[in-house]
Amino acid sequence: MNDATWVKRLVGDGPDDPAERVLDLRTESRPMPDGEDVGVIILRFTAEDLRGSTYEATARILVPPALEEEPSAPVPVWFNCGYELPEPMALDRARRGWIVVTPCEPAPNSVFPGTNPLVRGPNTDVVLAHLVRGMPFVDPAAIVYAGGSAGGYAALLTAAEAFPAAVAAATVPIVNLTYQGAHLFAALPTVTADPPPDHPAVPVLRAVFVPMAEGLRAAYGEDLTGTGWSAHSPVEHVDRITCPVTAVFSTADFLVPLDQVGSGIVGPSSVADPSLPGHASVRLLDALGDRADVRVVAVPPGAPAMEDLDLTQVVAETPLPLFDTPGDGFSWLITVVDEGPAEFGGHWRHALAPDHEPFARRALAQGVGVEQLTHAKLGQLLDRYRGAEWLAPGFSHLDRPPAERLDVERGLHAYCTRSPSHAHRFAELYAEVDEDSRVLPDDLVRALVGHPA
């Protein structure tokens, strides 16, 4: 471990923290084989769970060597949501020029109702995002919110909260929590049978499914028609995800069935299972309407199949190149890998590693578009500013009021200062808001539209 002086200098006094979230901040420097150093910031902070009770969380922020040489260099952020990004992967991405943010794996029983990102919700990521966007070396408009599986679910909900954002990049994400709950509960008798089925995937599935089911029941209840299930579904918040989105799914996914994305993507169309709760039939493509560019791709040649779908088997992953932009007029690029029908097991039939980086790089080069601010997004920002829960009323998701207000102001400033067209868009939309909902201070509004007091 080398001298971390340059990392301390970069961090300065730490992030803007009006809610006094930060409990501890430490810096380190990790030497790389090429002789350069990657800086590491270890951040311990507080957040509130779904009930509003405070817990502690930890995150790592890795900063690339470029910031040692030029602290003001424009460096994008790869924010890994939900799960902890393994250190070798985080270091490699930082070495390639990204600021990398990852929450650390929570300790058992440290957060209600469980540690899995699908169970605990997006609160850790949201509070961490507020702190990261308040770091002196971070451009809040140049952040990619990424994740896989339950981390992909967290990425979509964190991107739904963020403004502005560069990209949401989700791999096999849960998009309808009601559907996922029904699928999980239906699979439980099989994975918990005594004696267990003779299948190599069973031990891993049991270790994941049982605590996940317990946590979801504790949070939202057994009744899948309860509003907590639908309100915590990304399909309910697609109007708030206004940045470009790249998402990848597999036809063979047992854990996150493709049916919650759409019907007839590969093969004949099907009607929703009438035995499912009503909200479970809401598919992602139905919610998106004409905003999704859907592309079906084949498995890359030579990609190894996971023998008998043994989830404990270590198989070298094959890179899965993805398109770098959706077609004209689309904001979502949805890639579906045709691996054949779903089978009992995991997400993939082949060991694949989807590469969202070309999409992210292209979106970053284009910058935040005027269209990122919509009526729905502005309404959400104003709700956050006045302390009204936007994601799921009845559950706790907002940060503390000073942090929410500062993050809204910072986001609107980052948007409006991009061009006169951005400022004009804000002025138009804000003028259309009901007078009772215009909660922003007058001097802030004047500054945002280009007429400071």
Side-chain angles (χ1 to χ4, degrees), residues 82-83 114 116-119 147-153 170-217 224 247-277 280-281 283-284 296-300 303-318 320 335-354:
Y83 293 116
N116 186 282
L118 188 67
V119 172
S149 190
Y153 165 86
T171 299
V172 293
I174 292 92
V175 294
N176 186 318
L177 191 61
T178 312
Y179 181 102
Q180 193 67 25
H183 174 66
L184 174 64
F185 295 159
L188 272 178
T190 299
V191 301
T192 59
D194 187 16
D198 182 18
H199 193 286
V202 168
V204 176
L205 292 177
R206 185 188 296 117
V208 173
F209 277 22
V210 172
M212 184 180 289
E214 292 173 350
L216 290 171
R217 285 177 174 134
L224 290 168
V248 61
F249 301 89
S250 169
T251 60
D253 197 336
F254 172 76
L255 300 178
V256 181
L258 185 62
D259 195 50
Q260 64 182 282
V261 178
S263 173
I265 299 173
V266 176
S269 299
S270 63
V271 297
D273 184 345
S275 67
L276 293 175
S281 65
R283 290 160 166 153
L284 177 61
V296 178
V297 300
V299 176
M306 290 182 284
E307 186 176 355
D308 295 324
L309 297 175
D310 183 350
L311 303 185
T312 64
Q313 181 184 10
V314 178
V315 180
E317 292 182 327
T318 297
L320 177 66
T335 304
V336 176
V337 185
D338 187 358
E339 295 190 280
E343 292 184 16
F344 190 81
H347 287 297
W348 307 97
R349 181 167 294 155
H350 300 80
L352 301 176

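Index from 1, following the sequence. Computed from a prediction, not measured in an experiment: that's the story for all the values here.
Contact annotation: the side chain of Gln260 never approaches that of Pro173 to less than 4.5 Å [non-hydrogen atoms, C-beta and beyond]. Side-chain contact between Asn116 and Pro211 is absent, with no heavy atoms from C-beta onward closer than 4.5 Å. The shortest side-chain heavy-atom distance between Val248 and Leu320 falls under the 4.5 Å cut-off. Counting heavy atoms from C-beta outward, Leu118 and Leu177 have side chains that approach closer than 4.5 Å.
Smallest separation of non-hydrogen atoms from Gly340 and Arg349: CA-NH1, 3.7 Å. Taking each heavy atom of Gly345 and Ala201 in turn, the nearest pair found is CA-CB, 4.0 Å. The two residues Ala213 and Leu188 make their nearest non-hydrogen contact at CB-CD1, 3.5 Å. Closest of all the heavy-atom pairs between Val202 and Pro196 is CG1-CB, 4.0 Å. Nearest heavy atom pair, residue Ala351 against residue Ala316, reads CB-O, 3.8 Å. Of all heavy-atom pairs between Arg206 and Ala193, the closest is NH2-O, 4.4 Å.
Put simply, the side chain of Arg283 never gets that close to the backbone of Asn176: no donor and acceptor are under 3.5 Å apart. A donor-acceptor pair is defined here as one N or O able to donate and one able to accept, closer than 3.5 Å; no such pair exists between the side chain of Gln180 and the backbone of Pro257.
The CZ atom of Phe209 lies 5.0 Å from the NE2 atom of His183; values are rounded to the nearest 0.5 Å. Thr171 contributes atom OG1, which lies 6.5 Å from atom CH2 of Trp348 (distance to the nearest 0.5 angstrom). Asp259 contributes atom CG, which lies 9.0 Å from atom CD1 of Ile265 (distance to the nearest 0.5 angstrom). How far CD of Glu339 is from CG of Asp253: 8.5 Å, rounded to the nearest 0.5 Å. Residue Leu224 holds its CG atom at 5.5 Å from CZ of Phe185, rounded to the nearest 0.5 Å. Leu255 contributes atom CG, which lies 10.0 Å from atom CG of Leu184 (distance to the nearest 0.5 angstrom).
In this pair, His199 and Phe344 present their aromatic rings perpendicular. The plane angle is above 60°, beyond the 30 to 60° band.
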Discussion item. Between Val256 and Tyr153, does the side chain to side chain contact (heavy atoms under 4.5 Å, CB included) criterion hold? Intermediate values first, please.
Written reply: CA-CA 11 Å; Val256 181; Tyr153 165 86; over 6 Å; no
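Remark: the His350 side chain and the Thr318 side chain contain no N/O donor-acceptor pair separated by less than 3.5 Å.
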